[in-house]
Amino acid sequence: MKLLQWRPIRAKNKKLWFSSIPQQNPNPIHSPLFDNLAQLCHQKDLQKAMGVMNVIEDHHLRADPITYSSLIKLCIENRAVNEGRRIHRHLSDDDRPPKLFLSNSLLSMYVKFNLFEDARHLFDEMPERNVVSWTTLISALVHLDSREEAIDHLIAMLREGVRPNMYTFSSVLRACQTLRMLWSIHCCIIKCGLELDVFVRSSLIDVYSKYGDLEYGYQVFDEMATRDLVVWNSIIGGFAQSGDGYKALELFIGMKKAGFLANQSTLTSALRACTGIVTLEMGRQVHVHVLKYDRDLILNNALLDMYCKCGSLAEANAVFQRMKERDVISWSTMISGLAQNGRSIEALRLFESMKAAGPKPNYITMVGVLFACSHAGLVEDGWYYFNSMAKLFGIEPGREHYGCMVDLLGRAGKLEEALNFIDSMGFQPDCVIWRTLLGACRVHRNSCIAVHAAKEILKLEPEDEGTYILLSNIYADSRRWNDVEQVRKAMRDQGVRKEPGRSWMEVGKKAHVFIVGDFSHPEMDCIIKELNRLIGRITDVGYVPDVKFVLHDLEREQKEESLRYHSEKLAIAFGMMNSMHGKPIRIMKNLRICGDCHAFAKLTTKVENKTIIIRDPVRFHHFQDGICSCGDYW
DNA sequence: TTAGGGTTAG
């Protein structure tokens with residue numbers, strides 16, 4: 001634990017107060033100046049009030065502490081730093097220390113002015129401190145992200161015999177970022193009898209879900225008899241941020257049923273939940289509620305992100321254009337959104353506009369820019385941005401930027417160069433980097449480097465299912481069936497099982513899930529009929545099932561049969577049966593789309609005059625008129 | 001006089 005930073009109360013401090021300015025006795029009379037000062041404070045006329053305070057000081061008088069308290073409040077309201085300091089000096093200019101509550105007011109004033117060193121100095125010099133003094137300082141430390149110091153101060157406070165209250169705990173909980181520490185503080189809260197306080201509970205829910213275990217957070221929420229809006233927001237935000245969008249939306253609906261009106265924070269979390277589970281319809285419904293908060297930047301950024309991640313760039317762009325204010329997050333979201341949806345050139349064009357008129361790019365903006373370069377095969381541009389980002393924007397390339405460069409080189413087929421680049425990095429490559437290279441090896445059929453990359457991944461993550469699948473796909477592509485079998489054996493030995501391909505989509509307000517080889521959907525007979533009709537139509541324009549995407553060594557006929565029922569094909573057929581005129585079919589997929597399904601989707605859009613959008617774990621494929629936005633490069 | 005909830009990548 002770090003050495004404690006505060007200074008304990010010393011007797012000499014007390015002496016200081018008594019020896020500083022001994023000119024005048026405490027004034028026993030009541031002056032009309034005091035009434036005047038109190039009235040000016042009431043009228044919120046800071047300038048005149050300060051003038052009167054100066055006169056009072058010139059006469060070595062001292063007004064009522066309540067009046068000074070109002071004056072400090074007035075300074076905070078007006079963000080009048082100099083005046084605030086002036087009052088502090090005036091109050092110190094006496095042989096008696098200010099009342100404790102006045103020192104606390106000054107402390108709070110410094111914290112609100114972000115003058116933490118002044119606050120700490122005052123705190124150190126205070127002859128006595130109560131729970132408010134400690135809580136003010138602890139809360140400031142938490143806001144400054146000095147977590148360890150905040151906890152140190154809580155311990156010091158307990159040692160000095162000051163009992164924390166609900167204010168203290170609702171602040172200090174945010175300083176706990178390990179489950180063990182959370183438990184300790186939670187026990188302390190129970191011992192102090194403060195577990196039922198609604199502020200403490202919302203903090204508990206928030207920190208449990210962020211740093212500990214969402215289940216504990218939910219338990220704290222579930223046990224509550226009386227909940228307020230922030231408590232609901234804490235639990236909805238907890239599920240939304242942890243990726244359980246369904247539960248978050250279920251709670252969002254529960255909150256409305258309980259009679260609460262969603263505010264900006266609720267809606268931001270609801271949008272994040274929609275983003276997580278890619279539910280454009282629900283996202284649009286939430287958008288209706290967002291309209292009344294059209295000046296809220298965070299909420300609009302979340303809306304923008306939802307439309308980007310749900311593959312609706314037209315709606316995302318409409319939001320972006322309408323935004324009354326845009327910050328670096330708005331720009332970065334839009335740039336990444338365009339890049340992920342296969343519109344890299346537009347992403348880079350937008351980046352140029354940002355450089356000309358927008359805020360300064362940050363670390364994440366540059367990840368989006370490099371992502372755009374790599375997905376469009378713009379090797380030279382990628383190198384330029386990578387090499388100049390430190391000089392131009394003061395951003396040193398980090399792990400993610402290196403990852404984008406490996407992707408850029410790998411996609412462009414420069415696999416040796418990518419491998420050398422990995423070797424030249426100043427840090428150990430992680431699984432993400434090796435997986436990126438492995439993906440490129442698959443596209444470019446380089447089984448030699450692929451095996452190297454896969455082995456590196458399996459050294460770091462011996463149970464990584466995706467790597468086994470990718471490796472066996474590479475072998476299958478080269479018809480190395482013995483090697484395929486060996487990979488499958490290694491998977492069995494490690495107890496790793498292939499996650500089945502799963503596609504899902506919304507029709508009406510219902511989600512329909514399709515799993516490869518699973519025919520349990522109630523409309524499956526019609527779906528198969530529709531699928532056969534589509535295959536018949538695209539066969540007329542040259543479709544031949546690309547059997548190399550089938551994992552096992554089967555007879556051709558069996559392979560074709562296996563390909564035919566891939567989950568995305570079932571979903572496309574179902575989408576064709578239910579889609580409305582002019583509306584695209586939107587499908588989500590848990591794994592990368594296979595080459596055959598990619599070709600199937602392209603030809604279907606050509607013969608059926610329909611748009612199909614498939615989102616895989618990394619990007620979108622927008623299929624239209626027989627072409628895909630990814631440029632057949634994924 | 002002190003307190004709780006929301007946005008961009010990977």
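Below, chain A is the first sequence line, B the second, and so on; all start at residue 1.
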Any donor-acceptor N/O pair under 3.5 Å between B:dA3 base and A:Ser171 side chain: no
Selection: residues 301-319 of chain A, any non-hydrogen atom under 4.0 Å of DNA chain B: A:Asn301, A:Asp305, A:Lys309
Under 3.5 Å donor-acceptor pair, A:Asp197 side-chain atoms to B:dG4 base atoms: no
Phosphate OP1/OP2 of B:dT8: any A:Gln241 side-chain N/O under 4.0 Å: no
For A:His287, all residues meeting side-chain hydrogen bond (donor to acceptor under 3.5 Å, both in side chains), sequence neighbours excluded: A:Tyr307
Sugar-phosphate, base or nothing in reach of A:Leu229, heavy atoms under 4.0 Å: base
Stacked pair A:Phe101-B:dT1, distance under 5.5 Å, angle under 30°: no
Distance test, side-chain N/O of A:Arg272 to OP1/OP2 of B:dT8, below 4.0 Å: yes
Phosphate-side-chain proximity, A:His143 and B:dT2, N/O vs OP1/OP2 below 4.0 Å: no
Side-chain-base donor-acceptor pair under 3.5 Å for A:Asp296 and B:dG6: yes
Sugar-phosphate, base or nothing in reach of A:Val231, heavy atoms under 4.0 Å: base
Charged tip of A:Arg201 within 45° of A:Phe221 ring normal and under 6.0 Å: no
Sugar-phosphate only, base, or nothing, as touched by A:Arg201 at under 4.0 Å among non-hydrogen atoms: nothing
Sugar-phosphate only, base, or nothing, as touched by A:Thr333 at under 4.0 Å among non-hydrogen atoms: sugar-phosphate
Aromatic A:Phe113 / basic A:Arg79 pairing, under 6.0 angstrom, 45° off normal: no
Worked verdict on A:Phe101 versus A:Asn130 for side-chain contact (heavy atoms from CB on, under 4.5 Å): CA-CA 9 Å; A:Phe101 83 89; A:Asn130 65 2; over 6 Å; no
side-chain contact (heavy atoms from CB on, under 4.5 Å) evaluation trace for A:Lys589 with A:Arg615: CA-CA 6 Å; A:Lys589 184 152 195 261; A:Arg615 182 194 158 163; over 6 Å; no
Contacts of type salt bridge (Lys or Arg N to Asp or Glu O under 4.0 Å), residue A:Arg295, not counting sequence neighbours: none
Base of B:dG4 paired with side chain of A:Ser170 (donor-acceptor, under 3.5 Å): no
Sugar-phosphate, base or nothing in reach of A:Lys99, heavy atoms under 4.0 Å: nothing
